[in-house]
K.L.:
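Take this structure first; my questions come after.
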Amino acid sequence: MADQSKTARAPMVKTVDAVVVGGGFGGMYQLHRLRELGLSLQGFEAGDDVGGTWYWNRYPGARCDVPSLFYSFTFSEALTREWRWSEKYAAQPEILRYAGHIADRYGLRDLIAFQTRVTKAVFDEGSNQWLIETDRGDQVRARWCVMATGCLSVPQEPQITGAESFKGPIYHTGRWPHEPVDFTGQRVGVIGTGSSGIQSIPEIAKQAMHVTVFQRTANYSLPANNGPLTDADYEKHQQGYAEYLELLKAGAPGVIGGAETAPIPPLEKQRHVYQKHWDAGGTTLILAFPNVLTSQEVNDVASDFVREKIKAKVKDPAVAEKLSPRGHPIGTKRICVDLEYFETFNRANVSLVDVRAAPIQAITPTGLRTTEADYELDAIVLATGFDAMTGALLAMDITGVGGARLDQAWAGGPAAYLGLTVAGFPNLFMVTGPGSPSVLSNMLVAIEQHVDWISDAIAHMRAKGLNRIEAQPDAQAAWVAHVKATADSSLFPKANSWYMGANIPGKPRVFPIYIGDGYRRKCEDVAAKGYEGFTVG
Ligand code: N01
């Protein structure tokens, strides 16, 4: 694991208008917007530079599954004009450069204390301020506190007996070292076949002597069809850009938008359309019809279609069968996008072990033991995911009104009004928090919308001389019920996914993502009605 030695500095004791936690895209844009409003600010970031998820996830093959041209901020025309992506799906180093460019362009680094983790936030009812504490001994008071802490920022490491005895290195994809890792001549074991495993396995296999993939659940993955972006691509994008911005303003549809009234398309039409999406590449196949994620009947056709493709790609029929996902509808565990993932299993130096059939028993000094066999390994890669959606928020000790703690308030699962604020925790905002579209939308677009809403709310409060805004429990309960009802009308609850919290032992089984239509409009209406559902004072 990357061990950062921290640069020494004296603890800060000060008061600012707002604290922003997180130096990823959300934190950076929030700092930029609040500075424009004239607020005094303090940002905190655990890493030693900006970039958030793209700072930490440096594993080989890390790449975005949203086309680069759309994985871009839209708030500044100049920024859009001057940045040029090289590939249809940008790789991690390029996205990190984009994050660095934003930090430079807007002079954001000076606002952020790096290598600093926020440990505690306590609301002081007397002053209506938050007292923020960090692992560096900082004590910062602020009227407004914005948590831009990311949806997938706390790595999940399975507790495997004997891990500490392993003689080689153990890497987690979400905490990849900053210095290059060379697997040449090594026997590498990879545990996990979610997006991180599916992206890293083909790259590791190109270098290592042998890769053993320990798979518990086979996953659906769609080809990226990546390639360089050409002048013609840019021109076409430019031509449609104004229309794209208009669409964003109108609010992107939810992933199950329109499903209720959608008919079951004829079988041949479904297969024809899936083929078109497959050829184009990327994630859109699961959105090919409004009801792919709500109708088992439609989903079965899409799932079969992808299983057939896997069968065609993998030469050994027994391996193809092991790689064929069964038991969850396509799209209900996060869909993966790959570059030659299934083809990688045709290589002589790659083998697949089904650890559902023969579970992992222990890590030994020289490798890994399942109930069936011992595997000799020089290095182990944990592509085992994250404590998603709530992990980073609950890792901090957050106390609101009357000593209420966030972990207690969320003991039964996260509850938040619009995914932006939590009743009992005034003046605290979350960027892409639970109950908003977040990970089932384009994250940069979702971040911009949330940051703009939060900034407007703070500007409104300041203009009116108000210093406290708090979600009303009833409004929050109604929103949470709506998010749940929408989720329950879909196939998502059928899977044991990180969306459902199923990858974290003991985590409440809740689907904390809003997948219906009209989210942006709802947020705008709430603001237009003088922050309906909030108590403002
Ligand atoms: O994590 P995951 P991830 N023994 O939770 C397995 C985003 N992301 O880091 O399914 C054996 O999806 C686990 O098995 P199972 C994206 O949103 C985006 O890959 O629980 N196996 C599963 O196979 C993504 O969805 C991009 O049975 C164990 C795997 O580990 C999210 O991050 C790229 C195990 C974890 O898969 C998370 O992806 C990368 C154990 N004890 C990530 N514990 C792009 O933009 C866990 N597993 C493309």
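Order of appearance sets the numbers: ligands from 1, and atoms from 1 within every ligand.
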K.L.:
Checking the N or O distance criterion of under 3.5 Å, is ligand 1 in contact with T173?
P.N.:
no
K.L.:
Which option, F386, W54, Y71, W498, owns the non-hydrogen atom nearest atom 25 (O) of ligand 1?
P.N.:
W498
K.L.:
Who gets closest to atom 26 (C) of ligand 1 by heavy atom: S195, P325, A218?
P.N.:
S195
K.L.:
What protein heavy atom lies closest to atom 13 (C) of ligand 1? Include the residue and the distance to one decimal.
P.N.:
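Its nearest protein heavy-atom neighbour is R216 NH2, 4.3 Å.
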K.L.:
So is Q199 polar-close to ligand 1, meaning N/O to N/O under 3.5 Å?
P.N.:
no
K.L.:
Which protein heavy atom lies closest to atom 39 (C) of ligand 1, and at what distance to 0.1 Å?
P.N.:
Y59 OH, 3.0 Å
K.L.:
Judged by non-hydrogen atoms, does F214 sit under 4.0 Å from ligand 1?
P.N.:
no
K.L.:
Looking at K276 and D279, does any basic side-chain N land under 4.0 Å from a carboxylate oxygen?
P.N.:
no
K.L.:
For atom 9 (O) of ligand 1, find the nearest protein heavy atom and state the residue, atom name and distance (0.1 Å precision).
P.N.:
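Protein heavy atom at minimum distance: S196 OG, 2.6 Å.
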K.L.:
With respect to T384, determine whether any N or O atom, backbone or side chain, lies less than 3.5 Å from an N or O atom of ligand 1.
P.N.:
no
K.L.:
Is it possible for you to check whether R58 lies under 6.0 Å from the centre of the six-membered ring of Y55, through NZ or CZ, and within 45° of that ring's axis?
P.N.:
yes
K.L.:
Which heavy atom of the protein is the closest neighbour of atom 36 (O) of ligand 1, given with residue, atom name and distance?
P.N.:
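That would be G194 CA, 3.5 Å.
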K.L.:
Tell me yes or no: between the side chains of R187 and T212, is some donor less than 3.5 Å from an acceptor?
P.N.:
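There is no such pair (donor and acceptor under 3.5 Å, judged by atom type) between the side chains of R187 and T212.
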